[in-house]
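Encoded as structure tokens, the structure appears first; notes follow it.
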Amino acid sequence: MLDDGLLIAPSLLACDFAHVGEQINAVIAGGAEVLHVDIMDGHFVPNLSMGPGFVRSIRAVTDCPLDVHIMVSDPLYYAERFAEAGADSITFHVEATDKPREIIDLLHARGLGAGISVKPATPADAITGIINAVDLVLVMTVEPGYGGQKFMEDQLPKICRIRSMLGDGRRLQVDGGINPATAGRCAKAGADVFVAGANIFGSDDISEAIAALRNAAVKEQGTRIPKSAIRNPQYEI
Ligand code: DX5
Ligand code: ZN
């Protein structure tokens, strides 16, 4: 991890699947610290993506941390499948389960990081009971299901609020419509892990795209909204 503590996590959903290995090498060479893998089951979200076999294959060719985001209706079952496949951390959706604690315990018992995610319409309060048990919170900044969507500005207050709930030691990830401009606004609100698909893999120069994201986030991180302001009603969700 670099000194600024920010992590850039390219979403492989947007990569060229005919050349996954080369695309992974390109983002790592460009300075990405984490690989984000989006799992969709066609039920929790209206789209299908990869399964455990994909994670197993890329695990074999890279030591880079694999951050697996499971957008599935049965996260307890799939958390175990993706842990077996070689994920380093798994983020599941609070909307998909009434057993979040069981999933977090399963992941921790296997030595994986555990993340909880909230969809745009889900308030920060939905994770109050479990936030202290997780290693990361993922605030979706688009409706999950597809890459290449427009960033939802109305998620910024929730990012502020969740940063204040998390304190400083743990990760706050943003995912969806992230580009240098939106990454800067998210960093200002308290995010420190930036998932980006279209912006990185759609670029002619992957290294340059990653550097631009990092520079924008670093610049705004210094202007993070102070805790006292977070209690201001305009930042409440
Ligand atoms: C959306 C996925 C995201 C998405 C991000 O359901 O969780 O990871 O692929 O893609 P971009 O950066 O293209 O919005
Ligand atoms: Zn994702």
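Counting starts at 1 for both ligands and their atoms, in listed order. Basis for what follows: all heavy atoms, side chains included, without hydrogens, waters or symmetry-related copies.
Ligand 1 has a nitrogen or oxygen under 3.5 angstrom from a nitrogen or oxygen of Gly148. When only interatomic distances are considered, the shortest N/O to N/O separation between Ala198 and ligand 1 falls below 3.5 Å. Taking any N or O of Glu143, backbone or side chain, none lies under 3.5 Å from an N or O belonging to ligand 1. For ligand 1, the polar-atom distance check finds no N/O of Asn199 at less than 3.5 Å from any of the ligand's N/O atoms. The N/O atoms of Gly176, backbone and side chain alike, include none that comes under 3.5 Å of an N/O atom in ligand 1. Below 3.5 Å of separation, one finds no N or O of Met140 facing any N or O of ligand 1.
With 3.5 Å as the limit, one finds a donor-acceptor pair spanning the side chains of Ser73 and His43. Side chains of Ser11 and Asp38: a donor on one and an acceptor on the other come within 3.5 Å. For the residue pair His108 / Asp105, no side-chain donor-acceptor distance below 3.5 Å is found, with atom types taken as modelled. Judged by distance alone, the side chains of Gln155 and Thr141 never bring a donor and an acceptor atom under 3.5 Å apart. Remark: the Gln221 side chain and the Asp192 side chain contain no N/O donor-acceptor pair separated by less than 3.5 Å.
Between Lys150 and Glu143 there is no salt bridge, since no side-chain nitrogen of the basic residue lies less than 4.0 Å from a carboxylate oxygen of the acidic one.
Put simply, the angle at the Zn ion (ligand 2) from OD2 in Asp175 to NE2 in His36 is close to 100°, to the nearest 10°.
The atom name of the N/O/S atom in His69 closest to the Zn ion (ligand 2) is ND1.
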